[in-house]
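One structure below.
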Amino acid sequence: MRFDSQEKIIRQLEAVEGRFEELSIRITLPEVIQDTALFSKLIREHADLEELNALAKEYRKILQQIDSTKELLQDPDMADMAREELAELEPQLEEAARRAQIALLPKDPDDHKNAILEVRAGAGGDEAGLFGAELLRMYQHYAARQGWKFELIEDGSTDLGGLKESVALIQGKNVFEKMKYESGVHRVQRVPVTESGGRIHTSTATVAVLPEAEDVELNIAPSDLRIDTYRASGAGGQHVNRTDSAVRITHIPTGLVVTSQDQRSQIQNREQAMRVLKSRLYDMQREQQDSEYANRRKLQIGTGDRSERIRTYNFPQGRVTDHRIGLTLYKIDQIMEGDLDEIVAALTLAEQTAKMEAQE
């Protein structure tokens, strides 16, 4: 590792340790605890820095061990042992530096948030809807594996068991950090159940993953909203209750329309619809107003153009290919059951590598 790189890492880690110590004191102050918004913000930052602070202590400890061991090189009786110890310590320092560099990379400020998941049928008719429903189930299983809560907000199921458009809220630790890579066009290649000739068809479904907006980030004027209620219905138009519990919210300035009908009461449906609306508005705001984010998108593997084809699921060959990083896995059954860890890890590594190269 170059000396200038080592010096830079040391300076950055010292700054982290200083900030972590400062936050550790501030979050105990009565005036901070009483300010709910400030306290939540500082607690989150403190938690985010905890791993880095531990890395900083580990890095400094190894450096101190190396310095002490180098002094022993001057003693003829201890030189051989010192050289052996250095041969073990220096790779440890390199590894600690690598982990520190990754942890010090700029993070998406939305990574810690819950996510709004939207799955829509694309090209391919009924088969596209069936594939969309399978993707939705895949994410539901993935959420369960992660210990997240998966809540369907809008069930766009069709009579055939597919979907037109479904929306879900996924809640848990750092949901958006892992789910953001799923935004884009997903392509399936297989023989549809409706195909009598055994021909392989290609269909698509579109996935959008939005960070859930927090109340402090958006101020929506009541006059900008038109709220309609109607009777909730199931697939095929069968009414599931006799009251006007379903809610449709229109944001007049943008024309965005959000519906929710899968909760038991009108109040619950209204709350869920507002969560989705705020997240869509926040996503629009991120893209339109934040020029830094617009530049940063190029380095973030999973948050590019949602019209981009990102992944192919080829059932006859049992493979899944992520086109952004050229990754092909021959375990389509496990993946469709929510085993996305290998894909997410590879995409995360690719994004981290791109960011590190951009800083050099």
Side-chain angles (χ1 to χ4, degrees), residues 110 113-123 125 128-129 131-133 135-136 139 150-159 162-171 175-176 179-180 182-186 204-215 217-290 303 305-307:
D110 294 321
K113 294 181 179 178
N114 299 326
I116 300 293
L117 169 70
E118 303 176 349
V119 182
R120 299 178 180 87
F131 176 54
L135 287 179
L136 187 67
Y139 295 128
F150 187 98
E151 186 175 358
L152 199 61
I153 294 177
E154 180 64 21
D155 182 4
S157 299
T158 65
D159 290 334
L163 60 76
K164 291 182 179 178
E165 175 182 353
S166 290
V167 181
L169 169 65
I170 307 177
Q171 298 171 285
V175 176
F176 186 71
M179 285 296 299
K180 64 184 177 183
E182 298 305 304
S183 288
V185 176
H186 295 242
T204 63
T206 302
V207 174
V209 179
L210 317 178
E212 185 187 18
E214 298 174 352
D215 287 337
E217 296 164 333
L218 286 173
N219 183 21
I220 302 175
S223 59
D224 287 342
L225 301 176
R226 185 174 70 246
I227 301 176
D228 303 308
T229 59
Y230 58 99
R231 191 166 297 176
S233 62
Q238 295 176 342
H239 294 301
V240 294
N241 63 36
R242 297 182 179 181
T243 61
D244 292 340
S245 62
V247 173
R248 180 188 300 108
I249 300 179
T250 303
H251 185 247
I252 298 170
T254 61
L256 283 176
V257 178
V258 177
T259 62
S260 179
Q261 67 170 15
D262 288 281
Q263 303 304 308
R264 292 185 177 182
S265 72
Q266 186 183 119
I267 293 175
Q268 290 174 316
N269 278 319
R270 178 170 173 160
E271 289 176 352
Q272 294 290 49
M274 281 300 298
R275 296 178 90 158
V276 176
L277 177 63
K278 286 180 180 179
S279 297
R280 289 182 182 174
L281 288 171
Y282 176 67
D283 190 58
M284 291 174 63
Q285 180 179 298
R286 277 201 337 167
E287 295 191 30
Q288 294 172 358
Q289 297 180 357
D290 190 347
T303 52
D305 186 353
R306 291 191 185 116
S307 65

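None of these values were measured; they are calculated from a predicted model.
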Considering non-hydrogen atoms only, spot the tightest contact between [X] and [Y] and give its length.
| X | Y | value |
| --- | --- | --- |
| Phe150 | Ile170 | CD1-CG1, 3.8 Å |
| Ala128 | Ala205 | O-CB, 4.4 Å |
| Tyr282 | Pro211 | CE2-CG, 3.8 Å |
| Lys113 | Glu212 | CD-O, 3.4 Å |
| Gln171 | Val175 | C-CG2, 3.8 Å |
| Phe131 | His186 | CE2-O, 3.4 Å |

What's the verdict on salt bridge (charged side-chain N to carboxylate O under 4.0 Å, His left out) for Arg120 and Glu118, showing C-alpha distance, side-chain angles and the deciding distance?
CA-CA 7 Å; Arg120 299 178 180 87; Glu118 303 176 349; 2.8 Å; yes
Does Leu256, at its CG atom, have more than 12 non-hydrogen atoms belonging to other residues, nucleotides or ligands within less than 6.0 Å?
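Count over threshold, so yes.
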Can you tell me how far the [atom1] atom of [X] sits from the [atom2] atom of [Y], to the nearest 0.5 Å?
| X | Y | atom1 | atom2 | result |
| --- | --- | --- | --- | --- |
| Asp224 | Thr250 | CG | OG1 | 12.0 Å |
| Asn114 | Ile116 | CG | CD1 | 8.0 Å |
| Tyr230 | Arg248 | OH | CZ | 5.0 Å |
| Met274 | Leu225 | CE | CG | 5.5 Å |
| Thr254 | His251 | OG1 | NE2 | 5.0 Å |
| Ile249 | Asp228 | CD1 | CG | 9.5 Å |

Test side-chain contact (heavy atoms from CB on, under 4.5 Å) applied to Val119 and Thr206, step by step
CA-CA 6 Å; Val119 182; Thr206 302; over 6 Å; no
Can you tell me if Glu154 and Ser166 form a side-chain donor-acceptor pair at under 3.5 Å?
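The answer is no; no qualifying pair exists.
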With sequence neighbours left out, what residues match Arg270 under salt bridge (charged side-chain N to carboxylate O under 4.0 Å, His left out)?
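For Arg270, no residue satisfies salt bridge (charged side-chain N to carboxylate O under 4.0 Å, His left out) once neighbours in sequence are set aside.
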N/O donor-acceptor pair under 3.5 Å between [X] side chain and [Y] backbone:
| X | Y | result |
| --- | --- | --- |
| Ser260 | Gln272 | no |
| Glu271 | Gln268 | no |
| Thr204 | Ala123 | yes |

Does the side chain of Leu136 reach to within under 4.5 Å of the side chain of Leu152, using non-hydrogen atoms?
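Of all side-chain heavy-atom pairs linking Leu152 with Leu136, at least one is under 4.5 Å.
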Verify salt bridge (charged side-chain N to carboxylate O under 4.0 Å, His left out) between Asp283 and Arg280, making sure each step is shown before the conclusion.
CA-CA 5 Å; Asp283 190 58; Arg280 289 182 182 174; over 6 Å; no
side-chain contact (heavy atoms from CB on, under 4.5 Å) assessment of Asn269 paired with Ser245:
CA-CA 7 Å; Asn269 278 319; Ser245 62; 4.2 Å; yes
side-chain contact (heavy atoms from CB on, under 4.5 Å) between Leu117 and Val207, worked out
CA-CA 7 Å; Leu117 169 70; Val207 174; 3.7 Å; yes
